[in-house]
Amino acid sequence: MEFTLRGKNGAYPCIITIDPDNGRYTIRKEDTSGEVFNSPEELKQWIHENWTAEDFEDPLAFHHMLDKIEESS
């Protein structure tokens, strides 16, 4: 599962990847740096600590992404 969210302050979209079949849980931030996690729980925790819905052009897409991550874990 992959999500693309456009942040308010960056030229590039944020990409969140959750791939349990291959054990891949990653975030590419708007500055193109990234984060790699060992589990969807770690990824989710990082999101809650570092992002809010107001950081993105479409806050509903942010909430939708969080709901889908909850369903997958």
Side-chain angles (χ1 to χ4, degrees):
M1 165 173 22
E2 187 170 281
F3 301 94
T4 302
L5 300 174
R6 184 151 304 274
K8 290 182 179 178
N9 299 317
Y12 299 99
C14 299
I15 299 175
I16 299 89
T17 303
I18 299 172
D19 182 3
D21 294 336
N22 295 306
R24 216 176 83 185
Y25 308 97
T26 63
I27 291 176
R28 187 189 78 186
K29 298 179 264 184
E30 4 177 62
D31 64 1
T32 69
S33 67
E35 302 287 338
V36 178
F37 306 95
N38 294 316
S39 69
E41 291 79 19
E42 289 178 11
L43 181 141
K44 191 170 44 176
Q45 180 179 350
W46 186 94
I47 290 172
H48 284 295
E49 291 173 358
N50 294 280
W51 285 346
T52 66
E54 291 74 34
D55 294 331
F56 300 95
E57 290 179 2
D58 184 356
L60 290 177
F62 176 80
H63 291 296
H64 174 73
M65 175 207 51
L66 287 178
D67 291 343
K68 289 295 183 182
I69 291 172
E70 283 289 332
E71 289 174 9
S72 73
S73 52

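Just so you know, residue 1 is the first one in the sequence shown, and it goes up from there. All heavy atoms count here, side chains included; hydrogens, waters and symmetry mates do not.
With values rounded to the nearest 0.5 angstrom, His63 atom NE2 is found 9.5 Å from Asp58 atom CG. Taking CZ from Phe62 and CZ from Phe3, the interatomic distance works out to 11.5 Å, rounded to the nearest 0.5 Å. The line from OG1 of Thr52 to CD1 of Ile47 is 12.0 Å long, rounded to the nearest 0.5 Å.
Taking the side-chain hydrogen bond (donor to acceptor under 3.5 Å, both in side chains) definition, one finds that Asn22 meets it with Asp19, sequence neighbours left out. Residues meeting the side-chain hydrogen bond (donor to acceptor under 3.5 Å, both in side chains) test with Asn50, sequence neighbours left out: none. By the side-chain hydrogen bond (donor to acceptor under 3.5 Å, both in side chains) test, Thr32 pairs with no residue at all, sequence neighbours left out. Residues passing the ring-ring contact (aromatic ring centres under 6.0 Å, His included) test with Tyr25: none are found, sequence neighbours excluded. Looking at residues two or more places apart in sequence or on another chain, you find a side-chain hydrogen bond (donor to acceptor under 3.5 Å, both in side chains) between Gln45 and Glu49.
Shown here for Cys14 and Phe56, the closest heavy-atom pair between the two residues is SG-CE2, 3.9 Å. The minimum heavy-atom distance between Ile69 and Pro40, with the atom names listed, is CG2-O, 4.5 Å.
Lys68 has a carboxylate O that lies under 4.0 Å from a charged side-chain N of Glu71, or vice versa, which qualifies the two as a salt bridge.
Taking hydrophobic clusters as Ile, Leu, Val, Met, Phe, Trp and Tyr residues chained together by side-chain heavy-atom distances below 4.5 Å, Trp51 does not share a cluster with Val36.
The backbone N or O of Leu66 lies less than 3.5 Å from no partner atom in the side chain of Glu70, so there is not a single donor-acceptor pair.
Put simply, the side chain of Ile27 reaches to within 4.5 Å of the side chain of Leu43, judged on heavy atoms.
Within the structure, side chain to side chain donor-acceptor pair (under 3.5 Å) contacts touching residues 2-12 (residues at least two apart or in different chains) are Glu2-Thr17. The salt bridge (charged side-chain N to carboxylate O under 4.0 Å, His left out) analysis of residues 25-36, with sequence neighbours excluded, yields the pairs Lys29-Glu35.
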